[in-house]
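Below is one structure; the comments refer to it alone.
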Amino acid sequence: MMAFGPYELLAELTAAYGPSGREDGVRKLLAGLAKPFADEIRTDAMGNLICRRKGNGPRVLVAAPMDTPALMVTGLDDKGFARVNAIGSLCAPVLAGAQVRFENGLQALVCAPEEADFGKLKPEELFLDLGVSKKAEAEKLVRPGDIAVLAAGPLRLGQTRVATPFANRAACAALLLAMEKLVSDNPASELCFVFTAQNEVGCRGIGPAVFALEPDAALLCEAAGSFDSASAGHSVCALGKGPALKLMGAGFIAHPDVAARLRKLAKAKKIALQTEVARSTRTGASVVQESRSGVPCGGVAIPCRGNDNARSVVDLADLQSAADLIAAYCENGAES
Amino acid sequence: MLKHLKTLCELSGVSSFESPVRKYIEKCAIRCGASVRTDALGNLIAFKKGKKKGSRTLMLAAHMDEVGFMITKIEDGGFARFAPVGGIDRRVVPGRHVLVGEKQLHGLIGLKPIHLTTDEEEKKAPEFKDLYIDLGAKDKAEAETLVRPGDCVVFASRFERFGRGMVKAKAIDDRFGCAVMLQLLEEELPQDVTFAFTVQEEVGCRGAFGAAFSVRPDIALILEGTTSADIAGVEGPAKITCVGKGPVFGYLDGSTIYDRGLFELLRGEADSLGIPWQIKSRIAGGTDARAVQRSREGVRVANISAPVRYLHSAATVASLKDMDNGYRLAKRFLEVVASGKAGK
């Protein structure tokens, strides 16, 4: 048994280093956590972590993204500041003043130029204060190509909410909890749990994993922007009202059988279910459904408030319910 | 390698019309004892046996195509309208000498004269729709006997050496990569290698996808030409790369995050050979790695590029030393992969 509840799991995953394309740190952590619940674990050429569990019946792929956006050092200036470029989608104004860390643990502060117009600020205008005054000193600390990620830890809000800089790690936590839940059961499907790489830079990781695994059906777990804060005109879903059934994203419409099955299971397990219809939100599901001759694909999302902020908020009850729903889907196989 | 580079740069090969380049490469590759095939998209795939089979299927790739234009319409007076093929800055186009169609007819890209230009127009670069190719024809009927819509157009530009170890030519992006691969094909290889000379990179890596799918490599090295803005008035990271400061290793660009182990391998080998190297100072651009990396179950990708000034113009500039060092590192890369030290 995992010695963790959802909060401890999310906290540990939040602390793991794993920018897009350089997911080694978080992958190692996930591999360790998943080991008791998988028959076989491997890493593919893209960096995806693939955990397989034997079963009799159709092959089901369940995936969650493990990478995070980041800042890459592109050069050092004479005063010892590091110039950066963004990897993935990052909102420059909210990064100014943020604490970041490198793979070796080195900490730095993100700064905006003194004269910056925050309305127009771009990530490449930001720089890192490394606490030194000369280029030669900075060169001892970082090299061009080194990557920094947001260093903020999880922040508990109220009884059930957590703010984290990496909302997708909540999806990873849900997958792990689902895997744990399945350990004593006898799943009717062959299960492939995939923690995907390079999602933040345009869902690049998952395609090769789906190609290799040739699943009969796929279920994606992601964080869904809830847009339910005080000022929002219309919300997609709300925190604390259960996981969201992904019905539509950019280039993706859920397969009706998968969606119907999830609805039925949620009802049977008494799990409150919302829906996510976000036509402009990019999702790995668009890549999955077009693999080889096509894969029926659906998704379970964890509502997340403030996706573009330095930290966004998820509800631990939603996370746990998402895990319960995924586990129910896995137990019952892909057939409806 | 220089001989190949000169010949290759002077051949025409606008995306989708790479056959002059392909024919030359095919002839050379066959002479080197490679088995050669051209796939449905036009990629030339050359396989050459090495001292051993090797534990990893290794593919080298470079694209044969170059940016250019395509004729869209013949107008009264015998002038041809055209559209760009690939990313061309329209400021580098007016007044250029070009070669049109399979017969490589001379043409000149013209623009209405200064006395007909409004004050507003003087401030802006002309748009493609305002430019035309003068074929020297007397009227529309004669022009129609010379060219047809769909004919490809390339910059006419000789390969020249100048300054201290510099060359000027069109299409160094990516005949540099093709020349490195031809040079390697002429040598004894440490393991079996497949060389993919790809088509249609400049319009979105359309050829490499098919090449990688059929070759099924475990590891791929992409050889390219990349942009360099180390010119007067440009400071700091905006230069992206500098000509003369060594080959550029792909680490992260606009479309690919390269395999970390292979990047570190290149960096380590360059340091031990005493070869200078650089990475791009801004995340931009892309290579065929974008298509190769995500082929089938995923492919570990690495990239060596020559820094090139005035990329995608009639006169691009690169350093012979950078290109030679790029070749040396590609050769070293093959040896390390053959030795089994490049990881799984």
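Everything numeric in this text was worked out from a predicted model, so none of it was measured. Numbers restart at 1 for each chain; the letters A, B, ... are given by sequence-line order, proteins then strands.
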Problem - Residue pair B:Ile257, A:Ile87: steps toward the side-chain contact (heavy atoms from CB on, under 4.5 Å) verdict - result: CA-CA 9 Å; B:Ile257 302 176; A:Ile87 299 175; 4.3 Å; yes
Practice task
May I ask you to check whether over 12 heavy atoms, not counting those of B:Arg216, lie within 6.0 Å of atom CZ?
Solution key: no
Exercise for the section: Considering only heavy atoms and a distance below 4.5 Å, find which of A:Met72, A:Glu124, A:Arg292 pairs most often with chain B. Expected result: A:Met72
Exercise for the section: Answer yes when B:Arg260 and A:Glu103 have at least one side-chain N-carboxylate O distance shorter than 4.0 Å, and no when they do not. Expected result: yes
Handout entry: Per-residue contact mode, A:Arg204 against chain B (heavy atom under 4.5 angstrom)
Key = both
Practice task
With A:Arg22 as the cation and B:Tyr251 as the aromatic partner, state whether NZ or CZ is under 6.0 Å from the six-membered ring centre and within 45° of the axis.
Solution key: yes
Handout entry: Interface moiety of A:Ile206 toward chain B, non-hydrogen atoms closer than 4.5 Å
Key = neither
Exercise for the section: Look up atom NZ in B:Lys280 and atom OG1 in A:Thr74, then write down how far apart they are to the nearest 0.5 Å. Expected result: 12.5 Å
Completion exercise
Residues B:Gly298 and A:Met46: closest non-hydrogen pair is CA-CG, 4.2 Å
Problem - Note, A:Gln198 side chain near B:Arg294 side chain (heavy atom, < 4.5 Å) - result: no
Handout entry: A:Asp77, part contacting chain B, at a heavy-atom distance under 4.5 Å
Key = neither
Problem - Heavy-atom proximity to chain B below 4.5 Å, by part of A:Ala86 - result: backbone
Handout entry: Side chain, backbone, both or neither of A:Ser20 within contact of chain B (heavy atoms, under 4.5 Å)
Key = both
Exercise for the section: List the atom of A:Asn85, the atom of B:Ile283, and the distance in Å for their closest heavy-atom pair. Expected result: OD1-N, 2.6 Å
Exercise for the section: Measure B:Ile279 against the heavy atoms of chain A and call it side chain, backbone, both or neither at under 4.5 Å. Expected result: side chain
